[in-house]
Number of protein chains: 2
Amino acid sequence: MHRLDRSLIAGLPAFQGLDDSSLDAILQSASSLRVTKDQAIFDQDSDAHSFFVLLDGRVQVVKSTPDGQQVVVRYIVPGELLGIAQALGRTTYPASAIAVVDCVVLAWPGKLWPEFATAYPSFGMNTYRTVGSRLSDIQAQVVEMATEQVEQRVAHCLLRLIKQSGKQTNDGITIDFPISRQDIAEMTGTTLHTVSRLLTGWEEKGLVKSGRQQVTVVEPSRLSVLAEGTARDNI
Amino acid sequence: MHRLDRSLIAGLPAFQGLDDSSLDAILQSASSLRVTKDQAIFDQDSDAHSFFVLLDGRVQVVKSTPDGQQVVVRYIVPGELLGIAQALGRTTYPASAIAVVDCVVLAWPGKLWPEFATAYPSFGMNTYRTVGSRLSDIQAQVVEMATEQVEQRVAHCLLRLIKQSGKQTNDGITIDFPISRQDIAEMTGTTLHTVSRLLTGWEEKGLVKSGRQQVTVVEPSRLSVLAEGTARDNI
DNA sequence: CGAAGTTTTGATTTCCATCAAGCCGGGTGG
DNA sequence: CCACCCGGCTTGATGGAAATCAAAACTTCG
């Protein structure tokens, strides 16, 4: 078993405010893990045996309904926690996590959670800050879904994605992992057909460029305008 | 200034696991407060000066969009925390809270939050458990909004309301606070017209009885059937 | 090259928002 | 005490946004 260096996690929000010896102690019980593209890190409703930090790659968090429909809840970028069911007082994972590219994660046994939270209070605090910000995010998403048209929702979704995972290219800002029309549809509660039509429409207007599992936003500011009220002109 | 009795909060989930002296200490800095129907307890985007526990009544938590549309995020029942912006690392309230009937709340200055969380670890833990369960709730709601038709969403909404705030009557289980078609519409992302049509339809089938700001579910089990897939028969 | 997965595009349908009145009940003030 | 008014509710008609149905084109990869 090889040793993990504390520099792996030292800068991450979750481990802010911990001294070196604490970091080392925490890493003692971690195992690192490669996950290849399309592989699951954990499955919805299965026993929450571990919690994780994503070190490299991109992870899709997806919830499935009993009748097989899927909703993409969020994408995880390096440095973020995932699978923190324990922090929510749960014993099973509420969603599945899929590597959308090859990933590296650190994993800790879930039963260590309470120990960590008490032994390293700032770790507990940091985690709960994460949970809190995810609560805010998702509340915003509920408002969006309740009040906006599909076009605006998809526009907002793309803007969020390039903000979180955008890479500047000479065409514009591209989403730096493979994402299909279907994925975008599952994030916005619509269908791949509608997403496809919207993207081709926007492409004609020069707002985006897109291809197979790939989207580039050419003019974020004009897309923002679309994302706010197109139709209904407010006061 | 009169003294608050510890029995007010002793049984509440948020204060589970605290000894009497801690409860007394916590109550020292609380002030109790009557809020009359339709009055705001706090306003969205205003400075998060306090956090609260609802002792009696019902509170509607509502988020407004810049263009004035409203979304009812949840209803709070006695014993629950509200306005815990601090726990989420926020300095302003993310939503407004309105008393839907006359209410009694306890209030603490927001700046006490960090002190409480460190001085009474189980209070911190309990709060975060609350935050976690609200995260789960709202994720379920996102899935619902993304995958279900309006009829199913409204049915689920009523079932949730009677579960949380139902009172058995001789007609069935009634939602024990005034709630309008508009309120239900704002919880489910639809319009009061559609809610009205659904309720009259259900009334004809004997599933519910409803009147002005008042809904009774006569047959919860049959409503549940509706709430799952009516149309689309799954495998 | 063939096959599987992804995307596009057209045609049709359906659900639900919107528009538009009118109704009902209760509270207020003349 | 009655009339009026206001807030909430119902109900019909209409239109439009987006789902569904259907099929073809394109991409990538083994």
Side-chain angles (χ1 to χ4, degrees), chain A residues 36-38 60 67-72 98 100-101 144-155 157-158 175 177-204 208-216 226 229-233, chain B residues 37-38 60 67-72 98 100 144-155 157 175 177-204 208-216 226 229-234:
Chain A
T36 56
K37 182 177 162 159
D38 296 331
Q60 185 188 58
D67 60 310
Q69 297 191 77
Q70 298 199 323
V71 176
V72 174
I98 313 287
V100 293
V101 296
E144 222 174 78
M145 301 205 57
T147 62
E148 294 180 355
Q149 312 263 104
V150 167
E151 182 175 42
Q152 299 171 56
R153 298 207 302 269
V154 174
C157 173
L158 291 186
I175 297 170
F177 57 85
I179 185 168
S180 68
R181 309 291 184 262
Q182 178 72 36
D183 293 327
I184 296 173
E186 287 175 1
M187 296 184 77
T188 50
T190 178
T191 63
L192 78 162
H193 308 280
T194 299
V195 173
S196 175
R197 281 182 235 270
L198 284 171
L199 287 179
T200 51
W202 292 342
E203 185 134 19
E204 282 162 11
V208 304
K209 295 194 175 195
S210 69
R212 187 190 180 83
Q213 302 204 95
Q214 197 271 328
V215 180
T216 302
L226 256 191
T230 317
R232 154 170 349 282
D233 29 325
Chain B
K37 181 176 163 161
D38 296 330
Q60 185 187 59
D67 60 310
Q69 297 190 79
Q70 297 199 325
V71 177
V72 174
I98 314 286
V100 293
E144 223 174 78
M145 301 207 58
T147 62
E148 294 180 355
Q149 311 264 105
V150 167
E151 182 174 43
Q152 299 170 57
R153 298 208 301 270
V154 174
C157 174
I175 298 171
F177 56 85
I179 184 168
S180 68
R181 311 291 184 263
Q182 177 71 36
D183 293 327
I184 296 172
E186 286 175 1
M187 295 184 78
T188 50
T190 178
T191 62
L192 79 162
H193 309 280
T194 299
V195 172
S196 175
R197 280 182 236 269
L198 285 171
L199 287 180
T200 50
W202 292 341
E203 186 134 17
E204 282 162 11
V208 304
K209 295 194 177 197
S210 69
R212 186 190 180 82
Q213 302 204 99
Q214 196 274 328
V215 180
T216 302
L226 256 190
T230 319
R232 155 169 348 285
D233 28 328
N234 322 329

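Proteins get letters first, then strands, A, B, ... in listed order; numbering begins at 1 in each.
- The separation between Glu151(B) atom CD and dC15(C) atom P is 10 Å, rounded to whole Å.
- At a threshold of 4.5 Å between non-hydrogen side-chain atoms, the residues Thr147(A) and Asp67(B) do not count as touching.
- Asp38(B) has its CG atom 14 Å from the P atom of dG27(C), to the nearest Å.
- Closest approach to the Gln149(A) side chain among dT28(D), dA18(D), dT11(D) is made by dA18(D) (side chain taken as heavy atoms from C-beta onward).
- We find that CZ of Arg153(A) is positioned 12 Å from C1' of dA19(D), with the value rounded to whole Å.
- For Thr191(B), the side-chain contact (heavy atoms from CB on, under 4.5 Å) partners at least two apart in sequence or on another chain are His193(B), Thr194(B).
- Nearest nucleotide to the side chain of Ser180(A), out of dT11(D), dT6(C), dG8(D): dT6(C).
- Arg197(A) contributes a side-chain N or O that forms a donor-acceptor pair with the base of dG10(C) under 3.5 Å.
- By the 4.5 Å heavy-atom criterion applied to side chains, Leu199(A) and Val208(A) are counted as neighbours.
- One atom, CD of Gln214(B), and another, C1' of dC9(D), lie 13 Å apart when rounded to the nearest Å.
- Sorted by residue number, the members of residues 185-196 of chain B with any non-hydrogen atom under 4.0 Å from DNA chain D read His193(B), Ser196(B).
- When the salt bridge (Lys or Arg N to Asp or Glu O under 4.0 Å) test is applied to Glu144(B), the partners found at least two apart in sequence or on another chain are Arg160(B).
- For the pair Arg212(A) and Glu204(A), both in contact range of DNA chain C, the more 5′-proximal nearest nucleotide belongs to Arg212(A).
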